[in-house]
Amino acid sequence: MPSWPLPIGVSPQFSPALTSLSMDGTAFDTVDTVEILALIGACCSLETFKYKASDEFSYTQTAGLNHPTTIFLPRLKKVDVTAPGAGTDFLRAFNAPNLTELRLDGYRPYHYRGRWVPSLTEPLSVTLQCVAARSLNLTRLELLFVKLQSPTTEYERILSGEAFASLEELTLNTVEVNDISLILAAVRPSSLKKIEFLQCKSITDSGLLEFVKRKESLFSVTVKDCPGVCQDHL
């Protein structure tokens, strides 16, 4: 379903039976997040939500980090959204206690130096805090091409289980995780069973080994295209 304009005839009154909703967004200020949130809010049976767009700002009232809109989605289990942009606006509004899988995709085809200004990193960090507080059953998290406001501290909290106590699988693809986060997170026991590092330029052999050596023998780690890690040491 396109997010703008919404198809004629789509009305919240026809939404309660929907279990899966996939939306393609458009760029910049043409996405009416208020109208879309009203539609999603009527989907009381929703289990899977996917939103893909190239926007970075939604330019609507829901973009405010303190916006009061909250939607209770008791059956929602899986969310896959582009972020930052309207995707994070939607996710911040979700109260999904049974959410188990979350994927945030920050890739855009027009990367440029200085792109990640605070107005982009702060919404991502706040959104993850909201998810951590509301979705205590999250077991799988995938972060791609995203930048957080305080990466060292925030990745430490994610890796250690402080942010997501039930997390079992974590994929970090082209993000700013570093050795300090790994070493600090290593001292805390967590439920993490599997982790993937893809194109993470700030981790090295020493940080990774310090993190992994404290894990159980069945712990799985995959490293690909991380220049600071030698495959022979894995």
Count I, L, V, M, F, W, Y as connected when their side-chain heavy atoms are under 4.5 Å apart, and connections chain through other members. Are [X] and [Y] then in the same cluster?
X      : Y      : result
Ile183 : Leu209 : no
Phe219 : Ile203 : yes
Leu99  : Leu136 : no
Phe72  : Ile40  : no
Leu184 : Phe197 : no

What are the two closest non-hydrogen atoms of [X] and [Y], and how far apart are they?
X      : Y      : value
Phe211 : Ile195 : CE2-CD1, 4.3 Å
Thr174 : Cys200 : N-SG, 4.2 Å
Cys226 : Gln199 : SG-N, 3.8 Å
Val146 : Val175 : O-CG1, 3.7 Å
Ala163 : Ala132 : O-CB, 3.3 Å
Ser191 : Leu167 : OG-O, 2.6 Å

Exercise. Would you indicate whether Arg103, at its atom CZ, is surrounded by more than 12 heavy atoms from other residues, nucleotides or ligands within a distance under 6.0 Å?
Key: yes
According to salt bridge (Lys or Arg N to Asp or Glu O under 4.0 Å), who are the partners of [X], at least two apart in sequence or on a separate chain?
X      : result
Glu47  : none
Arg214 : Glu210
Glu162 : Arg157, Arg188
Lys147 : Glu176

Quiz item: Do the side chains of Tyr155 and Leu172 get nearer than 4.5 Å, heavy atoms only?
Solution: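 They are in side-chain contact.
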Self-check item: Side-chain heavy-atom pair Pro227, Lys201 within 4.5 angstrom cut-off
Solution: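 Answer yes - side chains close enough.
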Once you round to the nearest 0.5 Å, how far does [atom1] of [X] lie from [atom2] of [Y]?
X      : Y      : atom1 : atom2 : value
Ser166 : Leu138 : OG    : CG    : 8.0 Å
Leu76  : Ser135 : CG    : OG    : 8.0 Å
Asn173 : Phe145 : CG    : CZ    : 5.0 Å
Phe164 : Leu170 : CZ    : CG    : 9.5 Å
Thr171 : Leu144 : OG1   : CG    : 7.5 Å
Asn95  : Ile71  : CG    : CD1   : 10.0 Å

Without swapping roles, check the side chain of [X] against the backbone of [Y] for a donor-acceptor pair under 3.5 Å.
X      : Y      : answer
Thr88  : Pro84  : no
Asn98  : Pro74  : yes
Ser45  : Pro16  : yes
Thr139 : Thr100 : yes
Asp105 : Val81  : no

Exercise. Classify the side-chain pair Asp179/Thr204 by whether it contains a donor and acceptor separated by less than 3.5 Å.
Key: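 Yes, Thr204 and Asp179 have a side-chain donor paired with an acceptor closer than 3.5 Å.
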Quiz item: Less than 4.0 Å between a side-chain N and a carboxylate O, is that true for Glu196 and Lys194?
Solution: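 Glu196 and Lys194: not salt-bridged.
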For [X], what residues pass the side chain to side chain contact (heavy atoms under 4.5 Å, CB included) criterion, not counting sequence neighbours?
X      : result
Lys224 : Leu198
Lys78  : Thr48, Glu101
Thr152 : Asn178, Ile180, Ser181
Glu122 : Leu65, Val126, Gln149

Quiz item: Residues in side-chain hydrogen bond (donor to acceptor under 3.5 Å, both in side chains) with Ser125, at least two apart?
Solution: Glu154
Practice problem: Taking side-chain hydrogen bond (donor to acceptor under 3.5 Å, both in side chains) as the test, write out the residues that go with Ser190, two or more places apart. | Solution: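 So Ser190 forms a side-chain hydrogen bond (donor to acceptor under 3.5 Å, both in side chains) with Lys215.
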Exercise. Tell me, with the steps shown, if Leu91 and Leu102 meet side-chain contact (heavy atoms from CB on, under 4.5 Å).
Key: CA-CA 10 Å; Leu91 187 56; Leu102 174 61; 3.7 Å; yes
Quiz item: Apart from Val187 itself, which Ile, Leu, Val, Met, Phe, Trp or Tyr residues share its cluster (side-chain heavy atoms under 4.5 Å, direct or through members)?
Solution: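 Cluster partners of Val187: none, it stands alone.
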Practice problem: Evaluate the side-chain contact (heavy atoms from CB on, under 4.5 Å) criterion for residues Leu104 and Leu128: first the C-alpha distance (whole Å), next the side-chain angles of each, then the deciding distance (0.1 Å), finally the verdict. | Solution: CA-CA 10 Å; Leu104 296 182; Leu128 284 174; 3.9 Å; yes
Quiz item: Taking only residues two or more places apart in sequence or in another chain, which ones pass ring-ring contact (aromatic ring centres under 6.0 Å, His included) with Phe94?
Solution: Phe49
